Amino acid sequence: MKLFVGYASKEGQSRKIARHIADFAFDTGHSVELQAVADDSGVELSRFDAVILAAPIHTGHYPKPFAQFVSVHADTLNTAQARFVSVSLAAAGHDAEDWRSLEHIADDFKQATGWSPTDTKHVAGAYMPSRYDILTRFIMRRIVSQKDPEANLGEDKEYTDWGDLNAWINSWLNP
Ligand SMILES: Cc1cc2nc3c(=O)[nH]c(=O)nc-3n(C[C@H](O)[C@H](O)[C@H](O)COP(=O)(O)O)c2cc1C
């Protein structure tokens, strides 16, 4: 299969997840193109058998350039095998309200861009104080201290469940 993996990322975790998906596909015998996407990415998506797009949630939204890219390519995406990996910290927990908000954010994105993904996978991202500015560090410390009392707030912490992600990729890539 010829797979396109596109991503947007602010602190790097969605990029790492996209690379992981690309490596997994390549290692299991598929041809892969990995690329950061933004509104001006002139990629020809119809050349691929399947598409994966990964992007993080920041304050309730996916990055604007990513949303613009999806809007531009919505018609092609809707006729393709095109899956969405939504990266967030809410997906690291089991809070029902957090999961409802993830569904809302993904639904709003669908409405705003016109893209209805073949599947949407919510994947836990990372807490990365080493990459935040002072204000963001302050806000994120407060959130993470409530959601994960065991976290060392001075250190980066990855919540991504790689095994679960592998199982999901494998289920549709190598059925
Ligand atoms: C400023 C900021 C706002 C965030 N807002 C949300 C949010 O609204 N909901 C959520 O679940 N996670 C939120 N997160 C967590 C990110 O989705 C998570 O850290 C993710 O791994 C970031 O991906 P990236 O490294 O690819 O940018 C936020 C993180 C930051 C730094």
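Start at 1 and go down the list; that is how both ligands and their atoms are numbered. Fair warning: this is a prediction, and the values are worked out from it, not measured in the lab. Sequential numbering from 1 along the given sequence is applied to the chain's residues.
Counting the atoms of ligand 1 from 1 in the order shown, those under 4.0 Å from a heavy atom of Gly125 are 21 (O). In the vicinity of Lys10, heavy-atom distances shorter than 4.0 Å reach the ligand 1 atoms 24 (P), 26 (O), 27 (O). For ligand 1, the atoms closer than 4.0 angstrom to any heavy atom of Gly12 are 24 (P), 25 (O), 26 (O). Atoms of ligand 1 lying under 4.0 Å from at least one heavy atom of Ala90, given by number and element, are 10 (C), 11 (O). When each atom of ligand 1 is checked for a heavy atom of Ser9 under 4.0 Å away, the hits are 24 (P), 25 (O), 26 (O), 27 (O).
For the residue pair Glu158/Thr160, the side-chain donor-acceptor check at 3.5 Å is not satisfied. Side-chain N/O atoms of Asp49 and His30 include no donor and acceptor closer than 3.5 Å. A donor atom on one side chain and an acceptor atom on the other are found under 3.5 Å apart for His20 and Asn166. A donor-acceptor contact under 3.5 angstrom links the side chains of Thr136 and Asp133, judged on distance only.
Comparing Val87, Val123, Ile17, Thr160 by heavy-atom distance to atom 20 (C) of ligand 1, the nearest is Val87.
At a 3.5 angstrom cut-off on N or O pairs, Pro56 does not count as close to ligand 1. The shortest N or O to N or O distance between Ala126 and ligand 1 is below 3.5 Å. Note: no N/O pair closer than 3.5 Å links Tyr127 and ligand 1 by distance alone. Ligand 1 has no nitrogen or oxygen under 3.5 angstrom from a nitrogen or oxygen of Ala91. Considering backbone and side-chain atoms alike, Leu89 places an N or O below 3.5 Å from some N or O of ligand 1.
When all heavy atoms of Ala112 and Ser71 are compared, the pair lying nearest together is O-OG, 4.1 Å. Residues Gly125 and Val87 share a closest heavy-atom pair of CA-CG1, 3.6 Å. In terms of heavy-atom proximity, Ala91 sits nearest to Leu102 at N-CD1, 3.8 Å.
Aromatic rings of Tyr62 and Phe69 (six-membered ring for Trp) have centroids beyond the 6.0 Å cut-off, not under it. The aromatic ring centroids of Phe109 and Phe84 lie less than 6.0 Å from each other. Aromatic ring centres of His94 and Trp99: separated by at least 6.0 Å.
Closest to atom 25 (O) of ligand 1 among all protein heavy atoms lies Gln13 N, 2.8 Å. In terms of protein heavy-atom proximity, atom 31 (C) of ligand 1 is closest to Tyr132 CE2, 3.5 Å. For atom 29 (C) of ligand 1, the closest non-hydrogen atom of the protein is Met140 CE, 3.5 Å. The shortest contact between atom 8 (O) of ligand 1 and any protein heavy atom is with Gly60 N, 3.0 Å. Among all protein heavy atoms, the one lying closest to atom 1 (C) of ligand 1 is Thr136 CG2, 3.8 Å. The single protein non-hydrogen atom nearest to atom 2 (C) of ligand 1 is His58 CD2, 3.5 Å, given as residue, atom name and distance. Among all protein heavy atoms, the one lying closest to atom 14 (N) of ligand 1 is Ile57 O, 3.4 Å. Ranking protein heavy atoms by distance to atom 3 (C) of ligand 1, first place goes to Thr59 N, 3.4 Å.
No more than 12 heavy atoms of other residues, nucleotides or ligands shown are found within 6.0 angstrom of NE2 on His104.
Evaluated for a side chain to side chain contact (heavy atoms under 4.5 Å, CB included) with Tyr127, the options Gln13, Glu11, Arg141 yield exactly one hit, Arg141.
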